[in-house]
Participant: 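Structure in structure tokens, see below.
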Number of protein chains: 2
Amino acid sequence: MLIIASILDIARLAGVSKTTVSKVLNHQYGVHEETRKKVWQAAAELHYTPNIAARALVTSKTGVIGVVYDSFKSPIYNELAGQLESQAQKLGIHLVFCSCNQQQASKLHYIQYFMGGAADGVILFGSAEDDDPVIERLMAVKFPFVVIEHRYDQLQVPNVLVDNVGGAKQAVQYLYKLGHRHIAHVTGNLRHQVAVDRYNGFKEAMQTLGLEPASDDFIHTDGSIGCGQLAAQALLERKERPTALFVFNDLIAYEMIDELHRAGLRIPEDMSVIGFDHLVGLLSFKPGIHNLTSISQPLEKMAHAAMDMIMSVVSGQMPEPISQQFKPVLQEGGTCQKRELHS
Amino acid sequence: MLIIASILDIARLAGVSKTTVSKVLNHQYGVHEETRKKVWQAAAELHYTPNIAARALVTSKTGVIGVVYDSFKSPIYNELAGQLESQAQKLGIHLVFCSCNQQQASKLHYIQYFMGGAADGVILFGSAEDDDPVIERLMAVKFPFVVIEHRYDQLQVPNVLVDNVGGAKQAVQYLYKLGHRHIAHVTGNLRHQVAVDRYNGFKEAMQTLGLEPASDDFIHTDGSIGCGQLAAQALLERKERPTALFVFNDLIAYEMIDELHRAGLRIPEDMSVIGFDHLVGLLSFKPGIHNLTSISQPLEKMAHAAMDMIMSVVSGQMPEPISQQFKPVLQEGGTCQKRELHS
DNA sequence: TTGTAGGCGTTATCAC
DNA sequence: GTGATAACGCCTACAA
């Protein structure tokens with residue numbers, strides 16, 4: 001039922017051979033002006049659409065890079081998507097995105113789809129701990145890929161990431177300078193490398209400062225929507241509360257602030273809160289009570305680096321350096337407050 | 001350099017023919033148990049990845065539906081993406097998303113990519129007025145597609161949409177019942193059908209109620225980030241202000257509220273505001289001062305309908321009905337207030 | 001300047 | 001149960 005015309009159809013209509021049509025459609029050299037016109041006219045008339053499957057089959061190039069997400073739900077991913085798009089547009093290549101909705105099987109399927117000729121390379125986004133089979137697979141067949149957010153210390157994997165450990169340390173040091181001594185950490189899903197890194201950064205910074213967080217100064221979440229409410233409730237139940245919170249990311253921080261607020265706590269008077277990601281700019285259109293203090297990621301630079309990397313991997317050379325780490329920056333908002341030390 | 005194994009490689013390693021390998025990998029019937037085992041083992045050993053380009057070439061089926069956005073920037077699109085993903089997962093098919101960043105040329109390229117064998121059909125998202133060449137193209141070659149948000153009264157185009165005219169009318173009637181008589185409308189980008197429909201709905205409802213909006217009761221925006229600030233400033237400059245605003249969408253409404261607030265106006269005491277899209281649920285993690293009153297779209301139902309439609313179009317039959325319209329629902333928040341009539 | 005022929009990796013038809 | 005062989009639509013030597 002589909003009436004997509006092929007080169008052969010054009011050739012017949014224009015009264016020339018397939019080769020000539022192909023030449024006109026691509027290289028455009030060594031063809032008579034007359035013939036060329038006829039071919040273009042026939043192509044237009046037939047609404048010719050090149051079959052990229054067939055073309056990819058013979059050239060093994062599609063001009064497309066696939067991007068695989070864990071989920072479309074996180075605003076930070078969306079922001080990065082926009083940045084990647086801009087870069088891609090400049091480079092004249094095209095990006096297609098997909099989300100595996102946290103399902104590993106689905107992720108593998110998409111990878112296969114891309115490996116099997118739908119893309120020249122993939123950008124993997126996220127740091128789920130069970131990503132390893134996917135990475136192994138890609139490495140085994142030497143399919144071009146770049147990872148964003150995950151960290152591979154052993155393997156030679158092209159990746160761009162943010163120094164999450166350092167970012168967490170910055171947060172702790174900042175709170176310390178403000179006079180806070182009892183600081184709690186609300187973790188993300190520790191099955192993701194990002195969450196582990198921020199967790200470790202927190203612990204290290206605390207130890208360096210001579211502070212020993214108690215076990216209940218770690219409030220664990222799974223990073224899902226609504227987990228901030230639960231975390232806040234857990235916090236509220238304690239008799240002795242910390243004076244400051246370093247929260248895995250802004251989403252959770254906002255959720256917690258909302259819940260703490262509801263319970264009558266004032267931010268930052270009763271509790272200082274610092275997040276991660278610095279989504280405040282992104283959400284500026286929604287006027288909030290609080291302008292969250294947060295650690296920001298240089299998304300534009302990261303997108304740029306990731307695109308450069310994938311392009312060079314696709315063209316056959318390992319990027320130099322193979323891994324790029326970016327420094328996050330603390331952005332002061334209005335959710336942290338100085339604290340007198342004689343508390 | 002890529003070392004992706006083919007069926008031929010497996011055949012050699014397993015000591016059988018290509019045909020047999022193909023049978024094992026797909027149909028799984030009429031092959032000896034012994035042989036089957038050998039083939040699977042060889043496939044695993046070689047990290048076999050089917051070449052979907054080649055497969056698509058002969059079967060003209062990919063199991064993938066392409067989704068084309070105007071932009072990744074709008075939160076409502078993301079929400080819908082999530083819904084579509086859920087539906088697709090249930091149906092066992094895969095979705096890849098791309099955004100043309102408002103560039104028509106880019107959109108055409110993606111369409112060609114999908115038409116040329118990367119997908120079995122496409123879902124088009126948005127209602128830019130210059131989409132027509134894309135639609136024409138798809139119709140000319142009878143490539144399966146479904147449109148969300150655009151409205152085609154003349155053409156037989158499979159589409160799902162929200163009754164934007166009706167939604168706008170609801171908003172006006174609601175404000176009228178609250179006692180408002182001087183109502184202004186902040187438009188979206190009128191080059192998009194959605195914006196035009198809401199604009200028309202507003203005008204019709206006003207006329208029906210015997211209210212005649214002045215020309216400066218229409219504040220025009222292009223729908224871009226930051227346009228709400230400008231709209232609010234335009235509003236503030238006027239000597240005689242309306243008592244209520246019907247705003248094209250929630251983003252703009254939030255931006256305006258923010259700006260009006262800054263200028264000392266209280267919402268809803270000094271100005272009632274109603275938006276469209278009902279993003280409040282989506283942004284619930286960021287505690288705001290205001291819980292916006294808004295017209296909500298039944299995104300889940302729409303995603304469901306769109307997926308059903310594209311599946312039936314792909315399988316060769318026109319969906320019945322060819323167009324599905326959904327009713328938006330007014331969700332009361334805290335940004336609209338009763339107004340005494342003796343103003 | 002133009003045309004012929006071969007092959008990319010897969011599936012499908014039809015012999016053996 | 002198994003294996004040749006012919007497409008699918010395209011590109012690209014190489015030949016005319």
Side-chain angles (χ1 to χ4, degrees), chain A residues 1-39 42-43 46-63 112-118 120 141 143, chain B residues 1-40 42-43 46-64 112-118 120 141 143:
Chain A
M1 199 49 211
L2 254 167
I3 48 169
I4 293 193
S6 71
I7 284 195
L8 184 58
D9 297 320
I10 300 178
R12 278 204 268 259
L13 182 59
V16 296
S17 79
K18 288 197 298 173
T19 316
T20 307
V21 175
S22 184
K23 271 185 189 153
V24 173
L25 263 32
N26 301 320
H27 312 299
Q28 317 245 19
Y29 70 93
V31 179
H32 208 85
E33 184 61 27
E34 276 303 282
T35 325
R36 229 191 281 174
K37 262 190 198 152
K38 272 193 303 186
V39 169
L46 296 171
H47 297 282
Y48 173 70
T49 302
N51 185 320
I52 61 113
R55 177 182 293 168
L57 194 56
V58 53
T59 62
S60 33
K61 279 280 161 278
T62 63
Q112 291 218 15
Y113 170 69
F114 290 130
M115 286 203 304
D120 300 335
V141 302
F143 191 76
Chain B
M1 197 51 210
L2 253 167
I3 49 169
I4 293 194
S6 71
I7 284 196
L8 184 58
D9 297 320
I10 301 178
R12 277 203 270 260
L13 182 60
V16 295
S17 78
K18 288 197 299 173
T19 315
T20 306
V21 175
S22 183
K23 270 185 190 154
V24 173
L25 263 33
N26 301 320
H27 312 298
Q28 317 244 21
Y29 70 92
V31 179
H32 209 85
E33 184 61 42
E34 274 306 281
T35 325
R36 231 190 279 176
K37 263 189 198 156
K38 275 193 302 186
V39 169
W40 277 119
L46 295 170
H47 297 283
Y48 173 70
T49 303
N51 185 319
I52 61 114
R55 177 181 294 169
L57 194 56
V58 53
T59 62
S60 36
K61 280 277 160 281
T62 63
V64 170
Q112 290 216 15
Y113 169 70
F114 290 130
M115 284 203 304
D120 301 335
V141 303
F143 190 77

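FYI, side chains are in, hydrogens and waters are out, and symmetry mates aren't considered; it's all heavy atoms of this structure. So you know, we letter chains A, B, ... as the sequences are listed, proteins then strands, and number each from 1.
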Participant: Near DNA chain C, counting only heavy atoms under 4.0 Å, which residues of residues 29-38 of chain B show up?
Facilitator: none
Participant: At what distance, to the nearest 0.5 angstrom, does OH of B/Y48 lie from CG of B/D9?
Facilitator: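 So the gap between those two atoms works out to 10.0 Å.
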Participant: At under 4.0 Å between heavy atoms, how does the protein contact nucleotides 6-16 of chain D? Give one character per nucleotide, 5' to 3', with B, S or -.
Facilitator: --BBBSBB---
Participant: Side chain to side chain contact (heavy atoms under 4.5 Å, CB included) with A/L8: which residues, sequence neighbours excluded?
Facilitator: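 With sequence neighbours excluded, A/L8 shows a side chain to side chain contact (heavy atoms under 4.5 Å, CB included) to A/S6, A/R12, A/K18, given in chain and number order.
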Participant: Check residues 52-59 of chain A and write down every donor-acceptor pair under 3.5 Å in which the side-chain atom is one partner and the other belongs to a residue at least two apart or another chain.
Facilitator:
| residue | atom | partner | partner atom | Å |
| --- | --- | --- | --- | --- |
| A/T59 | OG1 | A/R55 | O | 2.8 |
| A/T59 | OG1 | A/K61 | N | 3.3 |
| A/T59 | OG1 | A/K61 | O | 3.4 |

Participant: Figure out the NZ/C1' separation between A/K61 and C/dC8, and round it to whole Å.
Facilitator: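 Nearest whole value for this atom pair: 14 Å.
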Participant: How close do B/T62 and B/G117 get, counting heavy atoms only, and between which atoms?
Facilitator: CG2-O, 3.2 Å
Participant: Give, for atom CG of B/D120 and atom CZ of B/F143, the distance between the pair rounded to the nearest 0.5 Å.
Facilitator: 7.0 Å
Participant: Please report the end-to-end axis angle for the helix from C/dT1-D/dA16 to C/dC16-D/dG1, five pairs per end, rounded to 10 degrees.
Facilitator: 40°
Participant: Ignoring backbone atoms, test whether A/T20 places a side-chain nitrogen or oxygen under 4.0 Å from the OP1 or OP2 oxygen of C/dG3.
Facilitator: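 Answer yes for this pair, as a side-chain N or O of A/T20 is under 4.0 Å from OP1 or OP2.
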Participant: Only one of B/V24, B/V39, B/V21 passes side-chain contact (heavy atoms from CB on, under 4.5 Å) with B/V31; say which it is.
Facilitator: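 When B/V24, B/V39, B/V21 are each tested with B/V31, the side-chain contact (heavy atoms from CB on, under 4.5 Å) holds only for B/V24.
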Participant: Test of understanding: with side-chain hydrogen bond (donor to acceptor under 3.5 Å, both in side chains), list the residues that count as partners of B/T19, not counting sequence neighbours.
Facilitator: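 So B/T19 forms no side-chain hydrogen bond (donor to acceptor under 3.5 Å, both in side chains) with any residue.
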Participant: Assess whether atom CD of A/E34 is packed by more than 12 heavy atoms of other residues, nucleotides or ligands within 6.0 Å.
Facilitator: no
Participant: How long is the straight-line distance from CD1 of B/I10 back to OG1 of B/T20, given to the nearest 0.5 Å?
Facilitator: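 The CD1 atom of B/I10 is 12.0 Å from OG1 of B/T20, to the nearest 0.5 Å.
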Participant: Do B/F114 and B/V64 come close enough that some side-chain heavy atom pair is under 4.5 Å?
Facilitator: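 The answer is no, as the side chains (C-beta and beyond) never meet within the 4.5 Å cut-off.
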